[in-house]
Amino acid sequence: MCGIAGILNRHKDHTVDRTLLVRMGEAIAHRGPDDSGEYLNGSVGLAHRRLSVIDLAGGHQPMINDTNGSAIIYNGELYNFRELHAQYFADQKFNTSSDTEVLLRLLNFESVGWLEELNGMIAFAAWDPASET
């Protein structure tokens, strides 16, 4: 099972201490020995430790949306990600075959009604730099 950690700094200079973020990732290394990554953008930092299950080669995280720069870290398994991909993104090219990318793209919708369609065990943190949410 993967590990996720994050920092949102809304105080003083609004910057994230990269050293602290890396230490947080190291503290959860036992949850994901296959890969690790960090994302820093102003007042937010996301750390991920990966246990590879789906898309062993292409599921590196944090995953960044090429279109708008939003980022996601994700833990779990989205059982119906192939069906969601076909339903919402049949005409779009994806960079991976991972459930993470499906979830990342769903986050771009204005409505969050798709949340009720998720079937799986998941936890995620996401950041949209444009709206700072």
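- In this structure, V16 and G45 approach most closely via the heavy-atom pair CG2-N, 3.7 Å.
- Atom OG1 in T96 sits 12.0 Å away from atom NE2 in H60 (nearest 0.5 Å).
- Nearest heavy atoms, L104 versus N65: CD2-N, 3.6 Å.
- The cluster map of Ile, Leu, Val, Met, Phe, Trp and Tyr, joined by side-chain heavy atoms under 4.5 Å apart, puts F124 and F109 in the same cluster.
- Sparse packing is recorded around CD of E116, with 12 or fewer heavy atoms of other residues, nucleotides or ligands lying under 6.0 Å away.
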### Message
Could you walk me through whether S70 and N108 satisfy the side-chain contact (heavy atoms from CB on, under 4.5 Å) test, starting with their C-alpha distance in whole Å, then the side-chain angles of each, then the deciding distance to 0.1 Å, before giving a yes or no?
### Response
CA-CA 9 Å; S70 60; N108 289 323; 4.0 Å; yes

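- At least one side-chain heavy atom of I64 sits less than 4.5 Å from a side-chain heavy atom of Y39.
- Cation-pi contact between R105 and Y88: absent, since separation from the ring centre below 6.0 Å together with deviation from the ring axis within 45° is not met.
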### Message
Between F81 and T100, is the side-chain contact (heavy atoms from CB on, under 4.5 Å) condition met? List the steps.
### Response
CA-CA 9 Å; F81 78 97; T100 307; over 6 Å; no

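- Checking side-chain atoms of R50 against main-chain N and O of D35 turns up no donor-acceptor pair under 3.5 Å.
- Judged by distance alone, the side chain of W127 and the main-chain N or O of A71 form no donor-acceptor pair under 3.5 Å.
- The side-chain hydrogen bond (donor to acceptor under 3.5 Å, both in side chains) test applied to Q87 returns E117, not counting sequence neighbours.
- Residues passing the side-chain contact (heavy atoms from CB on, under 4.5 Å) test with E83 are N80, sequence neighbours excluded.
- P62 approaches I73 most closely through the heavy-atom pair CG-CG2, 3.7 Å.
- The shortest non-hydrogen separation linking I7 to D17 is CD1-O, 4.5 Å.
- Under a hydrophobic clustering in which Ile, Leu, Val, Met, Phe, Trp and Tyr are joined whenever their side-chain heavy atoms come within less than 4.5 Å, directly or via other members, L8 and V22 fall into different clusters.
- At a threshold of 4.5 Å between non-hydrogen side-chain atoms, the residues I72 and L107 count as touching.
- In this structure E110 satisfies the side-chain hydrogen bond (donor to acceptor under 3.5 Å, both in side chains) test with no other residue, sequence neighbours excluded.
- Under the 4.5 angstrom side-chain criterion for Ile, Leu, Val, Met, Phe, Trp and Tyr, the cluster partners of Y79 are M121.
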### Task
Give the intermediate values and the outcome of side-chain contact (heavy atoms from CB on, under 4.5 Å) for residues S43 and T15.
CA-CA 5 Å; S43 62; T15 59; over 6 Å; no

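- For residues 122-133, the salt bridge (charged side-chain N to carboxylate O under 4.0 Å, His left out) pairs, not counting sequence neighbours, are R10-E132.
- For E38, there are no side-chain hydrogen bond (donor to acceptor under 3.5 Å, both in side chains) partners at least two apart in sequence or on another chain.
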### Message
If you apply the rule side-chain contact (heavy atoms from CB on, under 4.5 Å), what do you find for L103 with D99, and how did you get there?
### Response
CA-CA 6 Å; L103 188 56; D99 52 353; over 6 Å; no

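- Within the 4.5 Å cutoff, no side-chain heavy atoms of V102 are placed close to those of R82.
- The shortest side-chain heavy-atom distance between I4 and L46 does not fall under the 4.5 Å cut-off.
- With values rounded to the nearest 0.5 angstrom, L21 atom CG is found 10.0 Å from E26 atom CD.
- Residues H85 and Q92 come closest through the heavy atom pair NE2-O, 4.3 Å.
- Taking all atoms of both residues into account, the shortest heavy-atom contact from N75 to C2 is OD1-N, 3.0 Å.
- Between Y74 and I122 there is a side-chain heavy-atom pair separated by less than 4.5 Å.
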